[in-house]
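Letters A, B, ... mirror the listed sequences (proteins, then strands); counts begin at 1.
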Amino acid sequence: MLRRTVTCGQIRESHVGQSVTLNGWVNSYRDHGNLIFIDLRDRYGLTQLVFDKEDAGVAQAGIMDVADKLRSEDVIAVQGLVRVRIGGENPKLETGKVEVVVGKLEVLNKTANPPFQPDDNTALANEELRLTHRYIDLRRPSMQKVLTARHKVYKATRGYFDEHGFTEVETPILYKSTPEGAREFIVPCRNVPGTFYALPQSPQLFKQILMVAGVDRYMQICRCFRDEDPRADRQPEFTQIDLEMSFVRREHIIEMMEGFVRRLWKDMCGYEVPAVRVMGYREAMEDYGIDRPDTRYGLKIKDISGFAARTEFKVFKDALEKGKDRPAFNSKRGVVKMIRVPGGAEKLTRKITDGYSDLVKGFGAGGVAVVKVIKGEDGQPRLDTGIAKFLEPLKAEFMSELESLGGGQVGDTLLFVADAYAIATKSIGELRSKVARDMGLVPKPGAEGGPWNFLWVVDFPMFEKNKETGKWVAMHHPFTSPRDDQMDAFLRADVEDDDTIEAIVSAGYDIVLNGQEIAGGSVRIHDGALQSKVFRLLGLTPESAKEKFSFLLEALSFGAPPHAGIAFGLDRLVMNFVGTDNIRDVIAFPKTQIGADLMTKAPSAVPEKNQSEVHIKSTWVPAEKK
RNA sequence: GGGGGCGUAGCUCAAUUGGUUAGAGUACCGGACUGUCGAUCCGGUGGUUGCGGGUUCGAGUCCCGUCGCCCUCGCCA
């Protein structure tokens, strides 16, 4: 086999006169009979090859006949002379000033007619086909760029944490089932009939144990598994950059991770990340209606419950009756919230705002009330349409409410949602994001030069109520510590004491980028008694806590250091760097929405013999046999 | 589990209210051509309209079911 001396992206004018050998795939051919052009492709680029009948005398015998049969995706090796292009430069190619006149051609492998062309310039084949023939799709230059970008993220990550004294430790994939949280993939055990491993949702407990083991600074680029339905940005198996540090508090993690983020963005796109703002969960929920606010645009939310109570609008008054004896910010206490949309009066048509009501109904709210600010006969702003008649009597007061949102200007649309705190907040938060898209306020992600907007969100609640079971669940995970100043309330709280439990603040933290959570973590509990208390509030009996987590409670009793950690979603980081909103684009061999691999046809049936070997029997009956 | 979208030639798409033999570009096959770079020109092969059923004189088109893919709600400690 002729082995390459240069790559297809490498040849320049400095190579002119040299004999070179190239290996690659035929990207395209232009056959003029006695003159044939081939664009040869490898992952580094394209080089134009020329087969010329007049030169064929000095080339291998019959070369034109072989070259004539070359087709896209054939694999070949060529040897030839680099020269300046006779037909003029092709400015589209890096190698566009030169060409290789081929003297020797070796066809390494003819291709079958490919189901689609791995070409970024023509219409992309549908994703199903691309996933089935992933090896062809990955040949596309843009997919090669993704693989390379992902590799660079691994490299920068390991580089940074190595420099800061972290040790990469592998943790088990075959793991103990701990069925809190996400549904697990389970693996039957052959040696102990009737038992199962689970695949880890994350290495959470192992990394904490490593802290007890004195590893002090741990990191791992690790695969995590969650058997939940995928989304555009979620896969059943995904990759985390997992970290844990001993003898630190929140501020130390924040400092170390900002350093990492700064390093990563610098290496990946030369961007200097400025100091990252820290925002409290309460502020995020109040101003943005979500715990991961997109701060690339304004449209802040305002609570106007006090004002709304003085109007005669029944919807407001009814909402404010809800949970009126509960403390402020309690999930069940009624509130009225408002967004001011500058310029919305023109763009947000009746049809669109009707759609907003449908949107919030999906989150349990009754609808969206709308008011437009128009120019009155006296030239002053006047409230119009919708519920304007309820606000007009209190207009002066209402206009002063608007002051903190920039004042009511002619052309504004004002949107209102009234309901219990949890529902109203979530609804208007989702509404804000929808309005921003409708108003064209969301910049394209970093790839197009839009801003990278980083944010720490801290001071999350420890617990939230599961709507179905009515039980308390950990908002982050059950190993998250209460914030230091919350210890009294935490120790005092009883399972029945809903309002107290809801108000406890944890020592958790998230990094949010452009409205997307890219990392989350917490200071951990390193005291067995505190950990047992969390289990108790979560409704675990001491017996079941011991059965599931005895190894953790035991480890905490043997000199566990204070520790804290965080994990980044690596796939989402790469998505940002390559500018895609499809997670499958950044995973070499991704799965579909039912967790299938279209290329290998996984999952698949296994013979009953293999099932009985691991002591299982499928209960599934095909439909036609029912 | 719920809601929505899509499925027509190898690929990307078209096909009027349900109406003749389902078209185009590209790929592929054959031919011509010495400066192309989305080569060009001439000719050709290629279809169970995802699958099954129904309505109708007649279904790519309407209805029911089913499969696959995508988006989304639930779910994702």
Side-chain angles (χ1 to χ4, degrees), chain A residues 27-39 46-56 64 68-69 71-73 85-93 95-96 99 101 111-133 136 178-184 200-202 204-205 224-236 238 358-359 361-364 426 430 462-464 466-468 471-480 506 508 517 520 522 534-535 538 540 548-549 569 581-582 584 591-594 596 598 623-624:
Chain A
N27 192 65
S28 60
Y29 65 95
R30 295 175 292 280
D31 185 350
H32 294 238
N34 290 320
L35 180 72
I36 298 166
F37 298 98
I38 300 280
D39 287 342
L46 290 175
T47 291
Q48 174 165 285
L49 310 179
V50 186
F51 296 86
D52 191 331
K53 185 142 195 201
E54 285 192 1
D55 291 336
M64 292 307 287
D68 182 59
K69 294 278 180 282
R71 292 295 178 269
S72 296
E73 304 312 309
R85 287 191 182 206
I86 293 171
E89 180 181 349
N90 181 355
K92 290 180 195 163
L93 297 184
T95 60
E99 61 191 10
V101 195
T111 182
N113 189 19
F116 60 95
Q117 297 295 320
D119 184 353
D120 284 323
N121 299 318
T122 54
L124 217 49
N126 81 58
E127 195 174 9
E128 200 173 341
L129 196 73
R130 290 167 46 211
L131 291 174
T132 306
H133 304 275
I136 295 175
T178 53
E180 320 297 318
R183 188 183 303 113
E184 299 169 321
Q201 301 172 41
S202 86
Q204 181 60 35
L205 292 175
C224 301
F225 306 86
R226 292 178 192 174
D227 189 3
E228 302 288 354
D229 290 351
R231 287 283 187 281
D233 61 350
R234 267 170 27 194
Q235 281 270 293
F238 61 100
D358 293 339
L359 178 81
K361 280 175 190 165
F363 301 107
K426 164 120 184 160
E430 297 288 343
M462 280 277 281
F463 303 101
E464 60 188 341
N466 181 303
K467 271 170 252 144
E468 279 173 29
K471 279 185 167 182
W472 288 105
V473 294
M475 191 158 185
H476 183 51
H477 57 51
F479 319 108
T480 299
S506 84
E517 182 195 328
S522 62
V534 171
F535 289 148
L538 295 177
L540 265 69
K548 287 170 181 163
F549 299 113
D581 51 13
N582 177 354
R584 294 177 299 278
K591 292 181 169 56
T592 68
Q593 286 211 32
I594 58 161
L598 296 179
E624 60 268 26

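- Taking the P atom of each, B:U66 and B:G3 are spaced 12 Å apart, rounded to whole Å.
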Scoring nucleotides 65-75 of chain B by protein non-hydrogen atoms under 4.0 Å (B base, S sugar-phosphate only, - none) yields ---SSBBBBBB
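- Checking side-chain atoms of A:Q235 against main-chain N and O of A:K591 turns up a donor-acceptor pair under 3.5 Å.
- Going from atom CG of A:L359 over to atom C1' of B:G3 covers 14 Å, rounded to whole Å.
- Residue A:P115 is in sugar-phosphate contact alone, with no base atom involved, counting any heavy-atom pair closer than 4.0 Å across all strands shown.
- Spacing of P atoms, B:C37 relative to B:C73, comes out at 48 Å, to the nearest Å.
- In plain terms, the two heavy atoms of A:P478 and A:L538 that are nearest each other are CB-CD1, 3.6 Å.
- Scanning all heavy atoms of the two residues, the minimum distance from A:L124 to A:D119 falls at CD1-O, 4.5 Å.
- Ring centroids of A:F37 and A:Y29 are separated by 6.0 Å or more, keeping the two rings apart.
- Taking both residues in full, the closest heavy atoms of A:H477 and A:S522 are given as CE1-OG, 3.9 Å, listed atom of the first, atom of the second, then distance.
- With salt bridges taken as basic N to acidic carboxylate O contacts below 4.0 Å, none links A:D229 and A:R234.
- For A:R584, the salt bridge (charged side-chain N to carboxylate O under 4.0 Å, His left out) partners are A:E127, not counting sequence neighbours.
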Base-contact (B) and sugar-phosphate-only (S) positions in nucleotides 31-43 of chain B, heavy-atom cut-off under 4.0 Å, - elsewhere:
--BBBBBSB----
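- Residue contacts shown for A:T178 are absent, as no nucleic acid heavy atom lies under 4.0 Å away.
- Under the 3.5 Å distance criterion, the side-chain polar atoms of A:E73 are left unmatched by any main-chain donor or acceptor of A:N27.
- Across all strands, A:L46 comes closer than 4.0 Å to no nucleic acid atom at all (heavy-atom distances).
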